[in-house]
A.B. asks: 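For reference, the structure I am asking about is given below.
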Number of protein chains: 2
Amino acid sequence: MSLTVDLVVLTVRDDRLHVLLIERGKEPFRGKTALPGGFVRSREDSDAAALRELAEETGLDGRTLHLEQLRSYTRPDRDPRGRVVSVAYLALAPDLPLPVAGTDARRARWTPVADLGPGDLAFDHARILADGLERARAKLEYTTLATAFCPPTFTITELRRVYEVVWGVSLDARNFHRKVVNADDFLVATGTRRVPDVGRPAALYRAGGATVLYPPMLRAAAQHPVART
Amino acid sequence: MSLTVDLVVLTVRDDRLHVLLIERGKEPFRGKTALPGGFVRSREDSDAAALRELAEETGLDGRTLHLEQLRSYTRPDRDPRGRVVSVAYLALAPDLPLPVAGTDARRARWTPVADLGPGDLAFDHARILADGLERARAKLEYTTLATAFCPPTFTITELRRVYEVVWGVSLDARNFHRKVVNADDFLVATGTRRVPDVGRPAALYRAGGATVLYPPMLRAAAQHPVART
DNA sequence: GGAATAGTGTCTATGAGACACTATAAC
DNA sequence: GTTATAGTGTCTCATAGACACTATTCC
């Protein structure tokens, strides 16, 4: 029995949600699109393997990203090579340029999640991706994880775009602004501003110390438009 | 490399949160207390193994319980026998009598979670239990999972006790009552009542079709007693 | 009637959601 | 001054939380 890690690496780029995909260089599924990942070595745990594969296949440094275990996939027939159990990880990244270095990094690319069709991914990676997306969407509600999609300093508009793009909704800019600046230790004002090519400069913030978001950002309200009368 | 499942089976009994533990009959950790579990067979996935081990070791039927994958534990040194990866599952059960049948069932027993000391569990099972508890506590907030601790029909007081015991707080009976009966499809009145030995009979409900709880039952408010002024 | 538990109503404070205009900067 | 984006205030409604008494049943 073998153990692998598979990585769902998400980012927001050009107002669309993207996932990092590679083109497989080896059988099975050679030439097919897949999540980055690889075998866990005998002396490492899956966390270490996830960090290593992230660096090897994509050039990203997982220590600077949000990286968490998602769940494991154990169906005996999920890999034609035999029994291969995969521990999936979810990583959230700001819109970083992909370093071209590294052995396999040339094949890594950001792909808009919405552009993927049903059979586009190898193995059971479509399912893993779906689980990762659902985890990310859910955690935006109750945690401060949205900042993991942002660079070290960011504007409130950028943060709002994260919510809008990941959830596929549009949010009222005024209510959002009020909510995030009032939330406990979610944002810390840096006192600096970003001067854009055009338009009024925006105040820059960095992530505060909070990990849970209170009060939560309830996506559910959109799903339950009328609460009951 | 081997694959095992470990089960965190929780219930509420006598107003205390209990976890199902076994006494190990084999090395390593023979005679020591541990979570129930065992090796995944070559033709089954971990979900099937979790169901099978639950039946074998505890006599419980996982199909009638809430059973979900928790996460995996992959540290190379977590089992003295060598590399053993464990997929942990979380199960929530009503206060069932433990069937005494089955090969190992005689050693399974409910143990109050609060009575466990730091070194009481074999392997890394203390960590797995802690992760399972945190998952259960978190999911009570945003899902209708509390009903998984209740029998098929239950009273609102029983449901409130679940929250109180799992979270270790006390909740206002009036506010709780209003909240759960107003929540979308959380409870369905059966029209029947339970007549206790003493006291006024209580209306019986069964779980509604909702899986998410909206509005959520915010535990966070207790952790943030003063929201900001 | 006593004991035990179930069930309910109101008030206040806070957050959610709807909604439109002003501020700042580059050109 | 035109263009583009940032930033803000108010009103209404819903929910949270505090709080005490009545209802039902068994004995």
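Note on naming: letters A, B, ... go to the chains in the order of the sequence lines (proteins, then strands), and numbering restarts at 1 for each one.
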A.B. asks: Which pair of non-hydrogen atoms, one from A:Leu67 and one from A:Gly62, has the smallest distance, and what is that distance?
C.D. replies: CB-O, 4.4 Å

A.B. asks: Is the number of heavy atoms from other residues, nucleotides or ligands within 6.0 Å of CZ (A:Arg137) greater than 12?
C.D. replies: yes

A.B. asks: Using atom CD of B:Glu158 as one end and atom P of C:dG7 as the other, report the distance to the nearest whole Å.
C.D. replies: 11 Å

A.B. asks: For B:Arg127, what residues pass the side chain to side chain donor-acceptor pair (under 3.5 Å) criterion, not counting sequence neighbours?
C.D. replies: B:Asp131

A.B. asks: Go through the structure and list residues passing ring-ring contact (aromatic ring centres under 6.0 Å, His included) with A:Tyr163, not counting sequence neighbours.
C.D. replies: A:Trp167, A:Phe176

A.B. asks: Could you check whether A:Ala203 gets within reach of a base, just the sugar-phosphate, or nothing at all, counting any heavy atom under 4.0 Å?
C.D. replies: sugar-phosphate

A.B. asks: Which whole-number value in Å describes the distance from A:Phe154 CZ to D:dA6 P?
C.D. replies: 14 Å

A.B. asks: Could you give the CZ-to-C1' distance, from A:Arg194 to C:dA25, as a whole number of Å?
C.D. replies: 15 Å

A.B. asks: Scan nucleotides 19-27 of chain D nucleotide by nucleotide, 5' to 3', and note B when protein non-hydrogen atoms come under 4.0 Å of the base, S if they reach only the sugar-phosphate, - if neither.
C.D. replies: BB--BBBS-

A.B. asks: Report, one line per pair, each donor and acceptor closer than 3.5 Å where one atom sits in a side chain of residues 111-123 of chain B; sequence neighbours left out.
C.D. replies:
from: B:Asp115; atom 1: OD1; to: B:Arg16; atom 2: NH2; distance (Å): 2.8
from: B:Asp120; atom 1: OD2; to: B:Gly117; atom 2: N; distance (Å): 2.6

A.B. asks: B:Thr157 near the nucleic acid: base, sugar-phosphate alone, or nothing, with a heavy-atom cut-off under 4.0 Å?
C.D. replies: sugar-phosphate

A.B. asks: For residues 159-166 of chain B, which residues have at least one heavy atom under 4.0 Å from DNA chain C?
C.D. replies: none

A.B. asks: Could you work out which one of C:dT10, D:dT8, C:dG15 sits closest to the side chain of B:Arg178?
C.D. replies: C:dT10

A.B. asks: Report the residues that fulfil side-chain contact (heavy atoms from CB on, under 4.5 Å) with B:Asp14, sequence neighbours left out, ordered by chain and then residue number.
C.D. replies: none

A.B. asks: Has A:Arg75 got more than 12 heavy atoms of other residues, nucleotides or ligands less than 6.0 Å from its CZ?
C.D. replies: no

A.B. asks: Atom NE2 in A:His125, atom CG in A:Leu7: separation rounded to 0.5 Å?
C.D. replies: 9.5 Å

A.B. asks: Calculate the interatomic distance between A:Phe176 atom CZ and D:dT8 atom C1'; express it in whole Å.
C.D. replies: 16 Å

A.B. asks: Send over the distance from A:His177 NE2 to C:dA23 P, rounded to a whole Å.
C.D. replies: 16 Å

A.B. asks: Between A:Asn182 (CG) and C:dA13 (P), how many Å, whole number?
C.D. replies: 18 Å

A.B. asks: Determine whether B:Val180 and B:Met217 make a side-chain contact, defined as any pair of heavy atoms from C-beta on separated by less than 4.5 Å.
C.D. replies: yes

A.B. asks: Roughly how many Å is it from CG in A:Leu171 to P in C:dG15, rounded to a whole number?
C.D. replies: 18 Å

